[in-house]
Asker: 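Let me give you the structure first, and then I'll get to my questions.
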Amino acid sequence: MSAIRPPEEWKGRFVSTLDVLLFIREQIVGGVMPEMFFGKPDVGAAAAFVHGVRFHLYCGGVEDSRYQEFSAWLRDVRNEVPSGKGWAGLYLEEAGGDHRAAILRFLERCAEYDALTRERAT
């Protein structure tokens, strides 16, 4: 397997889709290529990865409220989930077709939401 190791505290417990995405962002910021997670720099592949994580949790009977709240924030506060396009289509269009930039923008939105919600929690 990969030299990339998830946090030890994740073992044996529920991990939100948002936490997985924040971990991936941290790895990419640290120099790991996005391809290690998504197979190729393609927003469709990144969106499919997110859907796959969410489906896995759903199959396990886990309600991922943190990711659902993030999605609502993107849609209702940021207005960045237009019907028909989703975040992937919008970010790709705004990045002029640059898939890597669109993926990084999505991961930055994850971090932005996390920072906002952690500030409110403290």
Side-chain angles (χ1 to χ4, degrees):
M1 191 83 195
S2 169
I4 301 167
R5 299 283 181 237
E8 275 298 311
E9 62 267 17
W10 284 9
K11 287 188 179 179
R13 64 177 272 267
F14 159 72
V15 179
S16 168
T17 305
L18 187 62
D19 289 331
V20 171
L21 293 168
L22 292 168
F23 173 77
I24 290 171
R25 178 186 171 274
E26 177 182 291
Q27 296 298 306
I28 292 171
V29 168
V32 175
M33 300 296 289
E35 291 84 347
M36 291 296 294
F37 304 100
F38 308 122
K40 61 181 178 174
D42 179 277
V43 293
F49 175 89
V50 172
H51 290 303
V53 171
R54 297 197 66 225
F55 185 69
H56 166 76
L57 294 173
Y58 171 78
C59 288
V62 175
E63 184 169 328
D64 191 354
S65 59
R66 189 158 188 240
Y67 187 81
Q68 291 172 0
E69 291 163 3
F70 165 68
S71 293
W73 175 80
L74 268 184
R75 181 187 64 243
D76 301 336
V77 176
R78 301 286 316 183
N79 296 315
E80 293 182 356
V81 183
S83 60
K85 283 186 192 177
W87 65 263
L90 175 67
Y91 294 168
L92 183 61
E93 183 179 293
E94 291 179 352
D98 183 339
H99 287 264
R100 187 177 307 270
I103 292 167
L104 294 176
R105 180 168 177 199
F106 175 68
L107 295 173
E108 287 305 314
R109 286 293 186 258
C110 293
E112 181 182 348
Y113 176 79
D114 182 59
L116 286 170
T117 56
R118 287 192 195 277
E119 285 175 11
R120 287 186 212 138
T122 56

Asker: Start with the C-alpha gap between L74 and F106, add the side-chain angles, then the distance that decides, and say whether side chain to side chain contact (heavy atoms under 4.5 Å, CB included) holds.
Answerer: CA-CA 10 Å; L74 268 184; F106 175 68; 4.1 Å; yes
Asker: Determine, step by step, whether V77 and Y113 satisfy the side chain to side chain contact (heavy atoms under 4.5 Å, CB included) criterion, reporting the C-alpha distance in whole Å, the side-chain angles of both residues, the deciding distance to 0.1 Å, and the verdict.
Answerer: CA-CA 11 Å; V77 176; Y113 176 79; over 6 Å; no
Asker: Run the side-chain donor-acceptor check on residues 48-62: report pairs under 3.5 Å with partners two or more places apart or on a different chain.
Answerer:
none

Asker: I'd like to know whether E80 forms a salt bridge (Lys or Arg N to Asp or Glu O under 4.0 Å) with R75, so could you lay out the CA-CA distance, the side-chain angles of the two residues, the decisive distance to 0.1 Å, and finally the verdict.
Answerer: CA-CA 5 Å; E80 293 182 356; R75 181 187 64 243; over 6 Å; no
Asker: Walk me through it: do E112 and W73 pass the test side chain to side chain contact (heavy atoms under 4.5 Å, CB included)?
Answerer: CA-CA 11 Å; E112 181 182 348; W73 175 80; 3.7 Å; yes
Asker: Show me, pair by pair, the donor-acceptor contacts under 3.5 angstrom made by side chains of residues 19-36, not counting sequence neighbours?
Answerer:
unit_1, atom_1, unit_2, atom_2, d
D19, OD1, R66, NH1, 2.3
R25, NE, E108, OE2, 2.8
R25, NH2, E108, OE1, 3.2
R25, NH2, E108, OE2, 3.3
E35, OE2, R100, NH2, 2.8

Asker: Once rounded to the nearest 0.5 Å, what's the spacing between atom CG of L18 and atom CZ of F70?
Answerer: 6.0 Å
Asker: What closest approach, in Å, do D76 and N79 show between heavy atoms, and which atom pair accounts for it?
Answerer: O-OD1, 3.8 Å
Asker: Could you check whether any side-chain heavy atom of I4 comes within less than 4.5 Å of a side-chain heavy atom of F37, counting everything from C-beta outward?
Answerer: yes
Asker: What do you reckon, is CD of E63 surrounded by more than 12 foreign heavy atoms closer than 6.0 Å?
Answerer: no
Asker: With a 3.5 Å distance limit and no angle check, can you tell me whether D64 reaches the backbone of S16 through a side-chain donor-acceptor pair?
Answerer: no
Asker: A102 and A95: which non-hydrogen atoms are nearest, and at how many Å?
Answerer: N-CB, 4.1 Å
